[in-house]
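Numbers restart at 1 for each chain; the letters A, B, ... are given by sequence-line order, proteins then strands. The basis for the numbers below is simple: all heavy atoms, side chains too, and nothing from hydrogens, waters or symmetry mates.
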There are 2 protein chains.
Amino acid sequence: MTDVAALAGVSAQTVSRVARDEPTVRHETASRVRAAMAQLGYTPNRAARALRYGHYGTVGMIAHRLARTGESRTVEAVVEAAQAEGYTVTLVDIASPAPHDVSAAVARLSHQDIDGLIIVRAESATPDTLALPPHLPVVVSDSRFVGHHPAVAADQAGGARAAVGHLLELGHRTVHHLAGPQDSTPARQREEAWRAALAEAGAAVVPAVRGDWSAASGYDAGTVLAADPEVTAVFAANDQMAAGLVRALHEAGRAVPGDVSVVGFDGIELSAQLWPPLTTVEQDFGEIGRRLVDLLLRQVRDGENLADTHAVVPVRLVERESTAPPPAG
Amino acid sequence: MTDVAALAGVSAQTVSRVARDEPTVRHETASRVRAAMAQLGYTPNRAARALRYGHYGTVGMIAHRLARTGESRTVEAVVEAAQAEGYTVTLVDIASPAPHDVSAAVARLSHQDIDGLIIVRAESATPDTLALPPHLPVVVSDSRFVGHHPAVAADQAGGARAAVGHLLELGHRTVHHLAGPQDSTPARQREEAWRAALAEAGAAVVPAVRGDWSAASGYDAGTVLAADPEVTAVFAANDQMAAGLVRALHEAGRAVPGDVSVVGFDGIELSAQLWPPLTTVEQDFGEIGRRLVDLLLRQVRDGENLADTHAVVPVRLVERESTAPPPAG
DNA sequence: CGGGGCACTGTTAACGCAAACATCGCGGGC
DNA sequence: GCCCGCGATGTTTGCGTTAACAGTGCCCCG
């Protein structure tokens, strides 16, 4: 900056004014300064600016396994929403959802230049183990943190009930469940809602089969389910596992949806192009991302206390061709 | 910091020393300072630190459509690799791959606190339209920038040749191509290599059908391909489109691989669980991410000039059940 | 023709931190 | 017993920027 000032024959302050497009600089002077900036390749140092201003224009985001469907789509939505508000996003991927790793990530990020923090699926962390720096605005995409931090979550239970209800209405006597891993909150919520929906409808509550979200685990579970002639309808906790399940059913010679109906969860792009196209509970990740950013920035900018806020984002059952009435007899 | 110093009864410098774990502080003093830090909820201000040190410990990353397979997996790998080196990643999603939007993203990011920049698939941008700030280390995941910026790219051509070669070896007389969008470099590279491989093998060079990477576009293209009895083998430019294509084939009553063989590209998780499991060209996104970070940090830390570096990451043909010899006759 | 105001530009200080240097007190060597 | 050296801590200074205030020259008004 000093060099630019010298080259343009003005003071550093004037360079600063030009850099910030202050109107109180004569046109001629401004162009001279701009020329000097271009010649020297000058860019304002953001660290110094941030130091002066006291904020960074950046939000931190912590997630586990960024490349997964929900995560990557949430990341995309958060990045877009943050950009629209003039903020950039700094990302940290945690090694595991264990409290220790989450805390380490929080520590790492809170040492970065961030104005606020978004935690996606803190899974096994609890409010107490989070060890957040005081005064740092936070939003969590996990409803267990209500009362501690503002939270945004999809209507997991509603989605599960919709899936079960749909299958029951088609005439299935009960609905099996291909559940997600036990350390995942959404997985548990879907599983509990499935069980509750069955009980309320007076249908037989059968044991759940468990996968780990991966398509391969869905296939493995599918080989078991396919061998059981009692199984006529399965609600899978995500679309990946549903795809693996469908493959296992095909291999076992059980027609989908002729012999077995399948419902997924998430609404990944591929769900519509599977064979058969998958009936699924579609989540609005874009909305989740936008709500996360909104709740965070309201704290950052206006200092609102939103600890009790709990935004529930609705889900939608999309009926495609993987569900039908059970086989006669 | 001043408050902490006052509370602990030491100077600010000693607080600084404790914050950085300098060993020249007496244990007793250090604990007193730490207690004060905890009580006051003190966290070192990174902007001030960055100002002092002259670097940020952050790299910027620009990508288009973060939630797509290649992008999200590259992002994950980059984030992990950067974290391992003590850097965090700031993400910007561009609205479109048009030069104007890329430049805008560059401008936005270069005003952030970053030590270097990773540009993923600059697609339609060219070295000249990039308008990068001088002295900012950059790495691009696109081989067209060789000579201008260090680049990392998967072996698109090699992958396409492997796919075509595999199908030809099975006995197919020619291989059709379900291409990606024309404004995508990888799509063009795959398409050109497909055509070249066909020509070299003396096979008939048929026109390519074009999609936009989406599974739905693959389905649309698939309805056309399925109607043509001449088609016995299709190389799809990505797995999503391959999935849509396979569905269209199923619907048209053409068996996969009995009547038509299909090869995809990318190696998404679901490819192994489609029906039938998809033969595909697997990319090593993890390696791409690691190489990007490596090349960037070598510039950042050691000031190396890597402009001519062009890392080609090998791909691997994974043979599964969607390919077989053509139907007899 | 002198003073007030305005447009423009310069000077000073502070943001929070850490390197460099200064100081202090103590134990040991002579 | 005096001074050196070392460990532990304090003081000064500057990183690049910008807010606040301080000029400086010019035009216009009375």
Side-chain angles (χ1 to χ4, degrees), chain A residues 1-58 86 107-108 110-115 133-136, chain B residues 1-38 40-58 86 110-115 133-136 300:
Chain A
M1 179 148 138
T2 316
D3 297 341
V4 174
L7 180 59
V10 297
S11 73
Q13 179 61 17
T14 300
V15 176
S16 167
R17 282 194 258 259
V18 173
R20 280 172 299 125
D21 289 322
E22 263 199 29
T24 69
V25 181
R26 204 158 31 123
H27 265 304
E28 193 196 354
T29 314
S31 354
R32 213 168 58 240
V33 172
R34 261 186 269 272
M37 292 203 282
Q39 186 180 332
L40 266 40
Y42 164 85
T43 305
N45 179 315
R46 284 286 290 198
R49 256 189 201 181
L51 180 58
R52 276 277 31 210
Y53 289 142
H55 72 267
Y56 310 96
T58 297
R108 176 196 296 273
S110 59
H111 283 202
Q112 282 296 325
D113 311 325
I114 59 170
D115 297 317
H135 317 308
L136 182 69
Chain B
M1 177 146 137
T2 316
D3 298 341
V4 175
L7 180 59
V10 297
S11 73
Q13 180 61 17
T14 299
V15 176
S16 166
R17 283 194 258 259
V18 173
R20 281 169 299 126
D21 288 322
E22 262 198 30
T24 68
V25 181
R26 206 157 30 122
H27 264 304
E28 191 197 355
T29 314
S31 351
R32 210 169 61 240
V33 171
R34 262 186 267 273
M37 294 203 283
L40 265 42
Y42 164 85
T43 304
N45 179 314
R46 283 287 289 199
R49 258 191 199 179
L51 181 57
R52 204 70 251 278
Y53 288 140
H55 73 266
Y56 309 96
T58 297
S110 58
H111 283 204
Q112 282 296 326
D113 310 325
I114 60 171
D115 297 318
H135 318 308
L136 182 69
V300 170

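dT17(D) atom P lies 11 Å from atom CE of M37(A), rounded to whole Å. Taking atom CZ of R32(B) as the reference point, atom P of dA8(D) lies 14 Å away to the nearest angstrom. R26(A) has its CZ atom 10 Å from the P atom of dG10(C), to the nearest Å. Taking atom NE2 of H55(B) as the reference point, atom P of dC15(D) lies 18 Å away to the nearest angstrom. Taking atom CZ of R49(A) as the reference point, atom C1' of dA19(D) lies 14 Å away to the nearest angstrom. Whole-Å rounding puts the N45(A) CG to dC15(C) C1' distance at 13 Å. Here dA18(C) presents its P atom at 9 Å from CD of E22(B), a figure rounded to the nearest Å. As rounded to whole Å, 18 Å separates atom P of dA7(C) from atom CD of E28(A).
Side-chain proximity of P44(A) to dT17(D), dA19(D), dC17(C): nearest is dT17(D). With distances taken from any side-chain atom of Y53(B) to the nucleotides dA19(C), dT9(C), dT18(D), the minimum falls on dA19(C). Nearest nucleotide to the L51(A) side chain, out of dA19(D), dG16(D), dT18(D): dG16(D). Side-chain proximity of Q13(B) to dA19(D), dA19(C), dT17(D): nearest is dA19(C). Of the candidate nucleotides dG16(D), dA19(D), dT11(C), dT11(C) has the atom nearest to the side chain of S11(A). Listed nucleotides: dA19(C), dG16(D), dT9(D). Nearest to the side chain of A48(A): dG16(D).
Across all strands, T2(A) comes closer than 4.0 Å to no nucleic acid atom at all (heavy-atom distances). Counting non-hydrogen atoms under 4.0 angstrom, R52(B) reaches a base of the nucleic acid. Nucleic acid contact for V15(B): none, since no nucleic acid atom lies under 4.0 Å from a heavy atom of the residue.
OP1 or OP2 of dG10(D) lies within a sub-4.0 Å distance of a side-chain N or O belonging to T14(B). Not one side-chain nitrogen or oxygen of Y56(B) sits closer than 4.0 Å to the OP1 or OP2 atom of dC15(D). Distances shorter than 4.0 Å separate some side-chain N or O of R20(A) from OP1 or OP2 on dA19(D).
Counting heavy atoms from C-beta on, the side chains of T29(A) and R32(A) come closer than 4.5 Å.
Atom OG1 of T14(A) is separated from atom CE of M1(A) by 9.0 Å, given to the nearest 0.5 angstrom. With rounding to the nearest 0.5 angstrom, the CG atom of D21(A) is 11.5 Å from the OG1 atom of T24(A). Considering CG of L51(A) and CZ of R49(B), their distance stands at 13.0 Å, rounded to 0.5 Å.
For R17(B) and dG10(D), a side-chain-to-base donor-acceptor distance below 3.5 Å is present, hydrogens and geometry of angles not being considered.
Formation of a donor-acceptor pair under 3.5 Å by the S31(A) side chain with backbone atoms of H27(A) is found in this model. The closest donor-acceptor contact from the side chain of R46(A) to the backbone of Y56(A) lies under 3.5 Å.
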